[in-house]
Structures are given as C-alpha cells and as structure tokens.
Amino acid sequence: MFRQLPAKLHNLHLPLQLRLWDGCQIPLGPDPVVTLNIKDPSLIAQLDQLSLNLLGSSYVEGRLEIEGSINDVIRLADDLCQALLGDRENEDLPLHEAHDKATDASAIAYHYDISNDFYRLWLDRDMVYSCAYFETGKEDLDQAQQAKLHYLCRKLRLQPGESLLDVGCGWGGLARFAAREYGVKVFGITLSQAQLTLAQQRIAEENLQDRVNLKLMDYRDLPQDGRFDKVVSVGMFEHVGYANLPLYCKILFNAVRPGGLVMNHGITTLHTDGHPANRGAGQFIGRYVFPHGELPHLALISAKLSEAGLEIIDVESLRRHYVRTLESWSARLETQLDKAQSLVTEQTLRIWRLYLAGCAYGFRRNWINLHQILAVKPFADGSIDVPWTRADLYRDLLR
Ligand SMILES: C[S@@+](CC[C@H](N)C(=O)[O-])C[C@H]1O[C@@H](n2cnc3c(N)ncnc32)[C@H](O)[C@@H]1O
C-alpha cells in the first residue's frame with residue numbers, strides 16, 4: 001500500500017500519520033501528533049490532488065476521521081497540502097453569483113438558524129458574532145467583545161437621542177449595547193428568524209423595547225430617505241456578493257442623513273481580484289459554511305463605498321484581533337463537544353469545528369483580514385462635521 005501513495009508522501013517530515021481502513025499505519029514523519037484515519041480507500045487515489053477542501057469535505061462526509069487537537073489537524077493538513085502541491089494555489093477565481101433575496105435568505109437560514117443554544121455555547125454572553133477588540137491582549141472574550149462594541153460606538157461618535165441603523169444585527173448585542181450605553185434609538189435588521197426571536201427576548205428582558213426595534217428584513221428593503229443619523233454594518237457585507245456591492249453601498253448612503261457616519265466592519269481577502277490564497281479552504285467554506293458568501297478585497301469595497309458618495313475617513317485592520325477571537329470561539333467549542341453534540345447534527349459539528357479553527361489559521365496566515373471602514377456622507381456643499389483627529393476614540397478607553 002505504501003508504494004501506491006504519491007511519491008512525495010515518502011519523503012515528508014511531518015508529525016503526521018495516516019491510518020488506513022485495514023489498520024495499516026503510515027507515518028509521514030517522526031512523533032506524529034495527528035492521525036488521519038482514512039475510511040474510504042478511494043481517497044488514496046485522490047491524494048495527488050489533495051486540498052483543504054478535499055480533506056475537509058472527506059471529514060464532514062465521514063470518509064476520513066481525525067485524531068489530534070483541532071489546531072494541529074488544521075496546521076498539519078495545510079502543511080501536507082503544501083508539501084504535495086507546493087505554493088501553487090489550486091483554485092480558479094470563485095464564481096461571483098447573482099444574489100437574489102430568496103437565495104440569500106436560505107443561505108442565512110442555513111448558517112444562523114441551526115440552534116441558538118449551540119452558538120451560545122461558544123460565543124460571549126452578548127452573542128456577538130464578529131471580530132472582538134483586544135485592547136491589552138489580556139482580556140477574556142466577554143471583555144473583548146464589550147470593548148469592540150464600545151469601539152464601534154465611539155468610532156460612530158454616537159450621541160444620546162441619535163438614530164442608529166444596524167444592518168445585519170445578529171442576536172442584537174450591539175443594538176442593545178448602543179441603546180443602553182450611548183442612549184441612541186436603534187433600528188436593526190437580520191435575515192435569521194432564530195436570531196430575531198432571541199434578540200427580541202433579550203430586548204424585553206432589559207426593557208429596551210422603546211429604544212431598540214429589530215426586524216426580519218433584507219437590506220434591499222431598507223428605507224432610503226436618509227432618516228438615520230448613523231449606520232453600522234458588522235460582519236454582514238460578506239454575504240452581499242460582488243454583483244450587489246454597488247447596490248449595498250448605495251443603500252447605506254441613502255439610509256444615512258447628510259453629515260452622518262457609516263461604519264462597515266467585515267472580512268476582506270488578500271488578493272485584489274478576489275481569488276483565494278488558501279489551498280482549497282475557500283471552496284470548503286463556500287460549500288459547507290457560508291453558501292454564497294463572497295469576500296472582496298479592501299480596495300473593492302472602498303471603491304464601491306466611494307462611488308456611492310461616501311467619503312472614507314478611517315480604515316483599520318483588526319486581523320490579529322480576529323485570530324484571537326476565533327481561537328477563543330474554537331477553544332470554547334472544543335471543550336464542550338459533548339454538549340454541542342446534543343444541539344446540532346454530527347455533520348454540522350464537524351463543519352463548525354473545522355471552520356472556527358480553520359478561520360483562526362487563515363487570519364493568522366494573512367489569507368484573510370478584517371477591516372473597519374469608517375465613512376461619512378458629506379453635506380451638499382462637500383463639508384463634513386467630524387473631529388479633526390482620532391484622539392477622542394482613545395480617551396478613557398481602557399476602563
Ligand atoms: C456574522 S452575523 C453578524 C451579526 C452582528 N452584526 C454581530 O456582530 O454579532 C451576519 C448578520 O448579517 C445578517 N444578514 C446577512 N445577509 C443579510 C441581508 N441580505 N439582509 C439583512 N441582514 C443580512 C445575518 O442575518 C446576520 O444577522
């Protein structure tokens with residue numbers, strides 16, 4: 001059997017071993033910390049086209065079992081793919097699909113409506129499902145998510161009595177926080193019924209119904225009359241798709257009043273043409289995690305915001321913060337696999353384990369990034385009314 005393996009596998013020095021369906025063990029280097037337990041003999045024939053997509057989907061479909069810590073599995077799977085493929089990126093440009101409301105609604109339900117209790121297991125207490133902000137590096141996830149919410153509100157320069165639109169409000173963590181801590185009125189939208197149900201429950205528990213109004217609504221149905229003082233979109237624009245980015249940006253522009261601020265916080269990709277730099281990981285994510293998700297480069301979303309009429313006044317990369325956030329989510333899930341098993345299907349759990357640890361790895365490797373882009377809608381005469389420096393953002397921040 002050893003001789004049937006691709007020649008390149010014979011000279012590896014990875015702490016990894018293969019175990020075949022007949023029990024035969026094939027070390028690919030000394031002191032293995034990970035075992036890939038191959039259940040399906042036909043996988044051997046596919047080893048010369050190995051990719052993270054092939055390994056990931058084989059695990060999800062039960063053709064492959066993994067032994068070892070999830071972080072070691074991801075790292076060594078990537079090392080293995082790199083050893084066999086070199087640095088050749090084995091993906092064509094991803095398809096940029098037409099996104100209609102029905103397709104997007106079913107893609108959102110697929111990801112977000114799996115079980116609130118499952119997400120509660122590993123998210124922070126406010127169930128904020130986006131990159132946290134680690135001011136000192138010593139905080140836990142709850143503290144880092146609270147700091148992120150503060151940071152967003154500060155960047156938006158929220159003032160009591162203002163109106164805030166939260167596009168893609170998730171479980172309502174930011175909406176409740178902004179209303180409670182900054183005294184604003186929030187209108188938030190999500191496409192996930194499960195998120196909305198729990199968010200509304202939490203709003204009622206905090207008696208915030210008069211200040212926070214969340215709805216099941218597609219961003220394409222938002223009011224376009226400039227009624228909001230501020231607009232925020234956090235971890236949402238990854239679902240929009242290339243074809244609709246101009247429309248999305250125009251909708252943000254039309255929703256905010258002249259002089260108002262818009263914050264777009266989301267994941268961007270490394271290459272300007274959008275092709276993924278990740279040995280098949282992007283294909284896996286598109287197939288099993290975020291169907292119809294599309295990551296643009298910073299330059300593309302910046303161009304579309306500008307073309308819509310918004311002036312970009314501040315851009316910040318939070319890539320390292322997302323590594324930590326994802327490491328934390330993944331570690332919390334890994335320590336509660338038994339509970340997780342009772343909340344979602346075996347296949348879903350396998351997908352989410354790979355996705356959380358894999359995305360931490362992807363951010364660490366700089367395959368993907370997280371950018372906060374702050375923009376302003378200038379008044380008709382081109383003037384803007386924002387502080388001359390960023391000093392106010394940091395004053396008294398470390399509470
Ligand atoms: C990753 S979650 C982020 C949630 C929240 N902003 C947070 O930081 O916790 C993405 C959110 O975008 C919403 N979303 C995605 N596509 C949408 C669309 N077409 N219209 C409205 N909301 C959408 C999802 O329903 C979900 O609430």
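Ligands are counted one by one from 1 in listed order, and the atoms in each one are counted from 1 as well.
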Self-check item: Check against side-chain hydrogen bond (donor to acceptor under 3.5 Å, both in side chains), Asp117 and Ser115
Solution: CA-CA 5 Å; Asp117 289 338; Ser115 155; 5.1 Å; no
Quiz item: Would a line drawn from the ring center of His239 to the ring center of Tyr219 be shorter than 6.0 Å?
Solution: no
Quiz item: Exactly which residues line ligand 1, taking a heavy atom under 4.0 Å from it as the test?
Solution: Ile108, Tyr112, Val128, Tyr129, Ser130, Gly168, Cys169, Gly170, Ile189, Thr190, Leu191, Ser192, Gln195, Met217, Asp218, Tyr219, Arg220, Val234, Gly235, Met236, His239
Self-check item: Beyond-backbone contact of Gln145 with Thr325, side-chain heavy atoms, under 4.5 angstrom
Solution: yes
Exercise. Taking Asp142 for its side chain and Arg125 for its backbone only, find out whether a donor-acceptor pair lies under 3.5 Å.
Key: yes
Quiz prompt | Note, Ser163 side chain near Val184 side chain (heavy atom, < 4.5 Å) | solution = no
Quiz item: Going by the angle between their ring planes, with limits at 30° and 60°, are Tyr129 and Trp329 parallel, tilted or perpendicular?
Solution: tilted
